[in-house]
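Take a look at the structure set out below.
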Amino acid sequence: MPDDNKPVALIGAIQFNLVKRGTAVATEQTLVIIKPDGLVKSLTGNILSRLSETKLIIIGAKIVRVTEALAKEHYKHLSDKPFFGELVEYIMGDVHNTHRVMALIYQGDGAISKVREIVGDTNPEKANPVSIRGAYGRITTTGVFENVVHASSSAEDAEHEIKLWFKPSEIVGDIYPTKDVVREKVHEKDWA
Ligand code: IDP
Ligand code: MG
């Protein structure tokens, strides 16, 4: 019996798997962020359940307090937009008075498009009503799309975003090349 999930080819860093009807689908990783509105609306469990329909696996997950620097880097492709300032405040949690987001990495065949499909269109009013954004997103009076979740939109974006949000040690598995670094005089909190 052939194993459908057995890797059949390695092309560069991308591993292709044989899936039914012989189609090649890349094993991908994608970054998902449950934005502050998703957390304050108590949608975390619902969103995770919806995403579990993909049968992808979670290889990293954490609650993050988003700094201004992280927010600006994450949305740097929109820095010339009139809503950029409000977008940064939104992802930092200033708008919803909660300074938390949940960041997750999903992995599996076609992960990027599978997650985007369930997440829905950027504009919550144009998104499929049964998608997460279509069901729970809204447009604010000032025009920002409060769309509950972020999901990477390409393999290039996913790699950049995963490296921005996660350290190698926070991810189960080796997804990108790493290097050993020795850091001296690093001050961090430990349990007292
Ligand atoms: P995406 O989140 O679907 O990948 P991007 O274009 O990368 O869409 O935009 C990032 C975020 O910026 C969106 O999720 C949304 O919150 C906000 N946004 C994008 N375009 C607009 C817009 O035209 N008006 C208001 N907010 C927007
Ligand atoms: Mg995007």
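Keep in mind that this is a model prediction, so the values were computed, not measured. Counting starts at 1 for both ligands and their atoms, in listed order.
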Report task. Scan side-chain atoms only and decide if R100 and T98 contain a donor-acceptor pair under the 3.5 Å cut-off. Result -> yes
Practice problem: Return the orientation label for the H96 and Y90 ring planes: parallel under 30°, perpendicular over 60°, tilted otherwise. | Solution: tilted
Residues H99 and M92: closest non-hydrogen pair is CD2-O, 3.1 Å
Output yes when K35 and E146 qualify as a salt bridge under the 4.0 Å nitrogen-oxygen rule, no when they do not. no
Chain-and-number sorted residues having a heavy-atom contact under 4.0 Å with ligand 1 are K35, Y75, H77, L78, F83, L87, R116, T122, R133, G143, V144, F145, N147
Could you go through residues 40-57 and list every donor-acceptor pair under 3.5 Å that involves a side-chain atom there, pairing it with any protein atom two or more places apart or in another chain?
{"residue": "K41", "atom": "NZ", "partner": "Y136", "partner atom": "O", "Å": "3.1"}
{"residue": "N46", "atom": "ND2", "partner": "Y136", "partner atom": "OH", "Å": "2.9"}
{"residue": "S49", "atom": "OG", "partner": "G45", "partner atom": "O", "Å": "3.0"}
{"residue": "R50", "atom": "NE", "partner": "E53", "partner atom": "OE2", "Å": "3.1"}
{"residue": "R50", "atom": "NH1", "partner": "V130", "partner atom": "O", "Å": "2.9"}
{"residue": "R50", "atom": "NH2", "partner": "V130", "partner atom": "O", "Å": "3.2"}
{"residue": "S52", "atom": "OG", "partner": "S49", "partner atom": "O", "Å": "2.6"}
{"residue": "T54", "atom": "OG1", "partner": "L51", "partner atom": "O", "Å": "2.5"}
{"residue": "T54", "atom": "OG1", "partner": "L56", "partner atom": "N", "Å": "3.2"}

_Ion pair E117/K114, N-O distance below 4.0 Å_ = no
